[in-house]
Protein chains: 2
Amino acid sequence: MKGHQVTIIDIAKKLGISKSTVSRALTNNPNVNPETRKAVLEMAKTLDYQPNMLALGLIKNETRMLGVIIPDIQKPFFAAIVSGIQHAVGRMGYRTIIAQSDESPQIEKENIQALMLSRVDGFLICHTRDTRNFDQIKLLYQKGFPLVSFARICQGLPIPKVVEDDFNGLYTTTQHLIERGRKRIALLAGPKHLQASKLRQQGYLSALRQNGIGFDNELVAHTRFLADDVAVAVNRWLALAEPPDAICTIYDGGAVQVMQLLKSRGVNVPGDIAVAGFGNDPASGLVEPGLTTFEQRPYEIGQAAGKHMLDILKKRFGDVPPEITISEGRLVVRGST
Amino acid sequence: MKGHQVTIIDIAKKLGISKSTVSRALTNNPNVNPETRKAVLEMAKTLDYQPNMLALGLIKNETRMLGVIIPDIQKPFFAAIVSGIQHAVGRMGYRTIIAQSDESPQIEKENIQALMLSRVDGFLICHTRDTRNFDQIKLLYQKGFPLVSFARICQGLPIPKVVEDDFNGLYTTTQHLIERGRKRIALLAGPKHLQASKLRQQGYLSALRQNGIGFDNELVAHTRFLADDVAVAVNRWLALAEPPDAICTIYDGGAVQVMQLLKSRGVNVPGDIAVAGFGNDPASGLVEPGLTTFEQRPYEIGQAAGKHMLDILKKRFGDVPPEITISEGRLVVRGST
DNA sequence: GTGAAAGCGCTAACAG
DNA sequence: CTGTTAGCGCTTTCAC
């Protein structure tokens with residue numbers, strides 16, 4: 001059982017002084033006799049005094065805790081982001097409470113609610129793939145909570161955002177495939193309403209257009225990032241009269257699955273069909289052939305998000321421009337193309 | 001800016017009653033007029049009242065926050081454990097504060113210190129690979145903090161522990177290699193002082209002994225789980241007059257590196273040398289040939305740890321047997337053997 | 001320099 | 001059933 005915790009009153013009693021003086025000594029208040037301070041500090045050490053952050057938080061109305069809302073910590077992408085956030089805000093003494101939504105908008109909502117009650121000092125949020133209703137985060141905004149949105153961002157709110165290099169990523173990758181002589185390039189996209197998916201698709205379309213390649217609606221498939229969706233898409237494409245000679249995807253996980261499916265069908269990669277991904281997940285370097293992919297640096301995304309949060313926290317009463325930070329990437333060419 | 005937060009006093013004033021009554025109404029205390037309660041609840045909703053957990057925590061001396069100390073959230077193993085913990089304790093309304101030590105005993109110590117100040121209700125701890133001094137966690141124990149140790153456990157403290165199937169894992173794997181006709185089986189181990197590494201090595205030795213295979217000290221290499229250590233070990237083994245015909249490792253990451261090194265040297269896997277891992281990390285299914293490995297279920301380890309924590313938290317004044325839970329595993333045979 | 005008192009938001013006796 | 005009082009641990013006026 002957690003026994004009685006040492007308080008400033010204990011120190012005060014032992015020293016025969018008032019708790020105010022102890023408080024002053026402990027908080028480096030100048031109005032305190034050096035001798036007294038010395039005695040207090042010593043006694044604090046002797047008694048192993050630990051300040052009670054709850055009491056402090058109650059007074060200052062802050063917890064030095066930040067809420068981090070993510071879909072799934074087991075995805076390397078989010079794990080790296082979390083790591084970046086922690087390292088960025090940890091320097092300033094902020095702790096992070098991680099809450100996973102498991103891609104459920106409902107759980108996301110509950111998590112935000114719960115962390116709001118816990119009085120976190122701010123939120124760093126990445127929405128689920130299915131979040132369409134942003135009332136919850138708008139409520140946070142109205143209440144004045146410091147907010148940063150990343151990866152799957154909430155538009156229309158004047159808050160800092162950090163996103164991946166969506167448009168450029170697919171533009172560059174598609175361009176690369178075209179340079180490799182591919183003519184019928186399929187796209188494995190994400191949910192239609194997701195901004196990141198939209199932008200990546202635009203990058204893909206833009207590259208096609210610039211190279212005078214006609215757009216074939218048959219060659220675009222929307223997924224919810226689920227394995228089943230990928231299988232359906234690949235089957236459909238392979239059954240086409242004129243199947244694709246390349247498949248680019250907006251996420252590495254999908255690309256890896258595509259490669260496995262093609263392999264099991266006896267389709268040669270990249271001989272028959274080239275495959276490209278997005279993200280440079282750890283998996284992309286392990287599969288064979290290695291996956292050509294547009295590298296993202298999720299750790300840096302996390303750091304950028306963390307820094308934005310610190311900015312807001314610092315100048316609480318100042319203006320923080322709701323700038324959107326795009327984390328640059330680069331094409332990593334491997335055997336799959 | 002976060003404006004004035006609504007308190008029970010605001011509700012009380014609006015309704016012209018005392019704050020005690022409001023408190024009672026809100027906490028489902030039976031001693032309150034149903035009509036009054038209704039009015040309070042309505043007003044609370046109207047004003048969008050949010051209870052202040054800090055004030056509550058101050059009184060009850062609890063935060064419903066748990067500290068989770070891990071080396072690195074970017075390792076799939078730890079990410080899965082964290083996920084398991086969160087899902088287990090989340091049901092009971094506990095939140096988790098994740099702190100990464102980055103494998104630094106010093107940072108581990110600081111993290112524990114910081115979370116202690118934040119008054120978390122308990123700790124779930126996995127030490128760094130280099131932690132040898134357990135004073136910090138012993139101090140926590142003395143102070144009466146609910147404690148659960150997992151994966152890299154702290155021995156000698158009567159607290160619940162959850163570990164992987166260390167001995168069996170390497171015993172089974174080694175046995176499997178012997179059945180495949182391998183005679184000179186090398187072992188890529190971890191730091192000598194790590195209990196998990198010791199047990200796995202014992203499993204390896206036990207299998208050799210039972211099959212009448214002599215132990216060759218040359219064939220055992222200790223690493224700090226670093227890539228450089230692995231390279232040194234592999235080089236040494238390949239330079240041997242009689243090189244190994246199999247390499248088993250106590251962690252998948254090492255096995256994957258071994259495979260890559262062997263491949264780059266033109267050594268055939270499993271033709272010349274078979275390779276086996278431990279953990280069944282996502283990577284083990286992606287490399288080629290697929291890595292034979294002893295599956296662990298880190299998510300379940302996390303769940304078990306979380307449940308132990310809830311047990312302690314529940315019967316704070318009762319006895320919680322410091323049982324050690326071994327999360328069972330099984331051999332997953334793939335192409336590498 | 002130091003002590004007494006008020007108060008952060010809330011619950012929990014204690015009186016009615 | 002409800003209001004008053006005290007107090008969780010601490011900081012911060014306000015006196016002296």
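Side chains are part of it too, since the values below use all heavy atoms of this structure and drop only hydrogens, waters and symmetry mates. By convention in this document, chain letters (A, B, ...) are assigned in the order of the sequence lines, proteins followed by strands, and residues within each chain are numbered from 1.
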Is the phosphate of C:dT2, meaning OP1 or OP2, less than 4.0 Å from a side-chain N or O of A:Thr36?
yes
For A:Thr96 and A:Gln86, test the side chains for any donor-to-acceptor distance below 3.5 angstrom and give the result as yes or no.
yes
What contact category does B:Ile17 fall into here, base, sugar-phosphate, or nothing, at under 4.0 angstrom with non-hydrogen atoms?
sugar-phosphate
Once you round it to whole Å, what is the distance between C1' of D:dC10 and CG of A:Asn61?
14 Å
Once you round it to whole Å, what is the distance between C1' of D:dC10 and CG of B:Leu58?
8 Å
Under 3.5 Å donor-acceptor pair, B:Arg24 side-chain atoms to D:dG3 base atoms
yes
For atom CG of B:Leu54 and atom P of C:dC10, their distance in whole Å:
11 Å
Rounded to the Å, how far apart are A:Ile59 CD1 and D:dC8 P?
14 Å
What's the CD-P distance between B:Glu62 and D:dC8, to the nearest Å?
17 Å
Check whether the side chains of B:Ser23 and B:Ser20 place a donor and an acceptor atom closer than 3.5 Å, and report yes or no.
no
Among side-chain atoms of B:Asn111 and B:Gln100, is any donor-acceptor pair under 3.5 angstrom?
no
Is a side-chain donor-acceptor pair under 3.5 Å present for B:His87 with A:Asp102?
yes
C:dC10, C:dT2, D:dC1: which one has an atom nearest the side-chain heavy atoms of B:Lys19?
C:dC10
Under 4.0 Å between any heavy atoms, over every strand shown, what does A:Ser23 touch: base, sugar-phosphate, or nothing? Just pick one.
base
D:dC1, C:dG9, C:dA5: which one has an atom nearest the side-chain heavy atoms of A:Ser20?
C:dA5
Short N-O contact, A:Arg64 and A:Glu62, less than 4.0 angstrom
yes
Whole-Å distance separating the CE atom of A:Met53 from the P atom of D:dG9
16 Å
Rounded distance (Å) that lies between atom P of D:dG3 and atom CG of B:Asn29
13 Å
For a quick check of understanding: with a heavy-atom distance under 4.0 Å over all strands, which category does B:Asn31 fall into, base, sugar-phosphate or nothing?
base
From D:dC14, C:dC10, D:dT2, nucleotide with atom closest to B:Thr7 side chain
C:dC10
Would one find a side-chain N or O of A:Ser18 under 4.0 angstrom from OP1 or OP2 of C:dG3?
yes
Using heavy-atom distances to pick each residue's nearest nucleotide on DNA chain C, tell me which of B:Thr27 and A:Pro30 is more 5'.
A:Pro30
Mind checking A:Asn33 for me? I need base, sugar-phosphate or nothing, with any heavy atom below 4.0 Å counting as a touch.
sugar-phosphate
Considering only side-chain heavy atoms of A:Thr21, which listed nucleotide, C:dG9, C:dG3, D:dT11, is closest?
C:dG3
From CD1 of B:Ile8 across to P of D:dT2 the rounded distance in Å is 15 Å
